[in-house]
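The shown structure was predicted, so the numbers you read here are calculated from the model rather than taken from an experiment. Residues: numbered from 1 along the sequence shown.
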Amino acid sequence: MMLLPTHHFRDIERKPEYLQPEKCVPPPHPSPVGTMWFIRDGCGIACAIVTWFLVLYAEFVVLFVMLIPSRDYVYSIINGIVFNLLAFLALASHCRAMLTDPGAVPKGNATKEFIESLQLKPGQVVYKCPKCCSIKPDRAHHCSVCKRCIRKMDHHCPWVNNCVGENNQKYFVLFTMYIALISLHALIMVGFHFLHCFEEDWTKCSSFSPPTTVILLILLCFEGLLFLIFTSVMFGTQVHSICTDETGIEQLKKEERRWAKKTKWMNMKAVFGHPFSLGWASPFATPDQGKADPYQYVV
């Protein structure tokens with residue numbers, strides 16, 4: 001095995017005994033290629049379930065409280081199609097963000113045999129993660145929840161039960177964007193529905209009783225406002241992070257920039273794929289990075 005020529009080693013620890021390769025043992029059962037990525041974390045799984053429940057609750061209120069009882073069929077059909085499409089894309093993006101390997105470094109590869117196979121030059125050093133016993137590339141950080149080193153790790157998000165890293169940042173950005181859009185759409189429809197019910201008889205503007213209708217709409221309004229603010233801020237933070245090519249952890253730790261600076265458009269294409277297309281907005285389109293990944297190990 002060897003590293004691509006563009007790979008850079010972290011010049012952090014210069015004591016050769018720090019690596020202690022004899023203490024690293026490769027995993028007895030390496031995961032086969034194509035195995036689905038899923039983090040078995042109780043908190044993350046609970047948050048992911050809550051996310052789906054809240055989207056389905058919004059779906060229920062929008063359809064059965066506001067759109068289906070409406071006498072304006074054109075209004076109901078158009079808004080129903082738009083809301084369901086955005087909700088479908090949001091949940092699809094959530095699944096892709098949760099089930100995509102964020103860029104995990106091969107675990108347990110800091111063995112004596114592997115280090116010898118790298119054929120390091122005199123004075124050249126590598127940095128080993130003492131927690132997952134792997135050779136850590138530049139811009140990789142260890143996640144205590146995933147128990148792996150993740151390339152270009154931005155943060156670990158319990159709402160998607162996964163790290164946001166090099167391979168799934170696109171899906172996380174789309175998830176926050178679509179959740180913000182359906183939250184805004186739901187809030188607008190709630191406002192129109194309240195105006196309609198105040199002008200009409202409350203018993204005719206919903207198939208539920210007036211008190212039940214008000215409670216359901218207020219809960220949806222609270223949910224929509226909360227998630228609109230949260231996901232809008234997260235979306236803006238992620239876009240800024242992509243444009244500056246600096247992850248959340250790197251910003252927090254104020255790490256020294258060791259990588260080449262690129263334009264904002266190049267950074268966007270590095271995350272969403274080459275070239276620009278409608279696939280950027282699709283959670284089903286896997287980004288084509290265009291160039292070889294400088295962090296990947298090859299045989």
Would Leu217 end up clustered with Phe53 when hydrophobic side chains under 4.5 Å apart are linked, directly or stepwise? yes
Would you say the side chain of Asn167 lies within less than 4.5 Å of the side chain of Pro102, judging by non-hydrogen atoms? no
Using the ring of each side chain (for Trp, its six-membered ring), is Phe227 parallel, tilted or perpendicular to Phe230, with breaks at 30° and 60°? perpendicular
Lys/Arg-Asp/Glu bridge criterion (N-O < 4.0 Å) met for Lys152, Asp245: yes
Please assess His185 against Met189 for the test side-chain contact (heavy atoms from CB on, under 4.5 Å), listing each intermediate value before the final yes or no. CA-CA 6 Å; His185 190 197; Met189 286 191 290; 3.8 Å; yes
Using a 4.5 Å cut-off on heavy atoms from C-beta on, say whether the side chain of Met268 contacts that of Cys243. yes
Arg148 and Pro106 have their tightest heavy-atom pair at NH2-CA, 4.1 Å
Does atom CZ (Phe194) have a neighbourhood of more than 12 heavy atoms from anything else shown, all under 6.0 Å? yes
Name the one of Leu99, Asp101, Thr100 that satisfies side-chain contact (heavy atoms from CB on, under 4.5 Å) with Met36? Leu99
Linking I/L/V/M/F/W/Y whenever their side-chain heavy atoms sit closer than 4.5 Å, directly or via other members, would Ile68 and Leu56 fall into one cluster? no
Look only at the side chain of Ser70 and the backbone of Met66, and say whether a donor-acceptor pair between them is shorter than 3.5 Å. no
Kindly indicate whether the side chain of Cys47, heavy atoms from C-beta on, has any atom under 4.5 Å from the side chain of Asn161. no
Between Thr244 and Asn267, is the side-chain contact (heavy atoms from CB on, under 4.5 Å) condition met? List the steps. CA-CA 8 Å; Thr244 58; Asn267 292 330; over 6 Å; no
Could you check if a side-chain atom of Gln238 sits within less than 4.5 angstrom of a side-chain atom of Gln169, using non-hydrogen atoms only? yes
Over 12 non-hydrogen atoms of neighbours within 6.0 angstrom of CZ in Phe284: yes
Determine whether Asn168 and Trp37 satisfy the following criterion, side-chain hydrogen bond (donor to acceptor under 3.5 Å, both in side chains), listing intermediate values before the conclusion. CA-CA 11 Å; Asn168 69 341; Trp37 176 273; over 6 Å; no
When Ile218 is tested against each of Val214, Leu216, Leu220, Ile215 for side-chain contact (heavy atoms from CB on, under 4.5 Å), which residue passes? Val214
Checking Glu250 against His141 for the side-chain contact (heavy atoms from CB on, under 4.5 Å) test, could you report, in this order, the C-alpha distance in whole Å, the side-chain angles of both residues, the deciding distance, and whether it holds? CA-CA 10 Å; Glu250 291 166 349; His141 295 85; 4.2 Å; yes
Answer yes or no: is there a donor N or O on one side and an acceptor on the other, between the side chain of Asn79 and the main chain of Leu67, under 3.5 Å? no
Once you round to the nearest 0.5 Å, how far does NZ of Lys170 lie from OG of Ser282? 6.0 Å
Is there a side-chain contact (heavy atoms from CB on, under 4.5 Å) between Cys132 and Lys147? Walk through the geometry before answering. CA-CA 7 Å; Cys132 61; Lys147 297 180 174 59; over 6 Å; no
Check whether any side-chain N or O of Gln251 sits under 3.5 Å from a backbone N or O of Glu246 as a donor-acceptor pair, and report yes or no. yes
How about Lys262: does its NZ atom have over 12 heavy atoms from other parts shown lying under 6.0 Å from it? yes
Ile45 and Asp41, any side-chain heavy atoms less than 4.5 Å apart: no
Donor-acceptor pair, side chain of Asn162 and main chain of Ala97, under 3.5 angstrom: yes
Contact between Thr213 and Ser209 at the side-chain level, heavy atoms closer than 4.5 Å - yes or no? no
To check you understand the geometry: which heavy-atom pair defines the closest contact between Thr247 and Ser241, and what is its length? CA-OG, 3.6 Å
Are the side chains of Leu89 and Pro283 in touch, meaning some heavy atoms are under 4.5 Å apart? yes
Centres of the His155 and Phe172 rings: under 6.0 Å? yes
Any chance the side chains of Trp52 and His94 put a donor and an acceptor closer than 3.5 Å? yes
Identified ring-ring contact (aromatic ring centres under 6.0 Å, His included) partner of Phe272 from the options Tyr171, Trp280, Trp265: Trp280
Check whether any side-chain N or O of Thr212 sits under 3.5 Å from a backbone N or O of Phe208 as a donor-acceptor pair, and report yes or no. no
Would you say Leu195 has more than 12 foreign heavy atoms packed within less than 6.0 Å of its CG? yes
Any donor and acceptor pair, going by atom type alone, linking the side chain of Ser277 with main-chain N or O of Gly279 inside 3.5 Å? yes
So does Phe192 have more than 12 non-hydrogen atoms from other groups sitting under 6.0 Å from CZ? no
Please tell me whether Val164 and Ile39 are part of a single hydrophobic cluster in this structure, the criterion being side-chain heavy atoms less than 4.5 Å apart. no
Do Val62 and Ile179 share a hydrophobic cluster (ILVMFWY, side-chain heavy atoms under 4.5 Å, transitive)? yes
Charged N to carboxylate O under 4.0 angstrom, Arg151 versus Glu166? yes
Euclidean distance, His142 NE2 relative to Ile249 CD1, rounded to 0.5 Å: 11.0 Å
Please examine the side chains of Glu223 and Tyr57, heavy atoms only from C-beta on, and report whether any two atoms are closer than 4.5 Å. yes
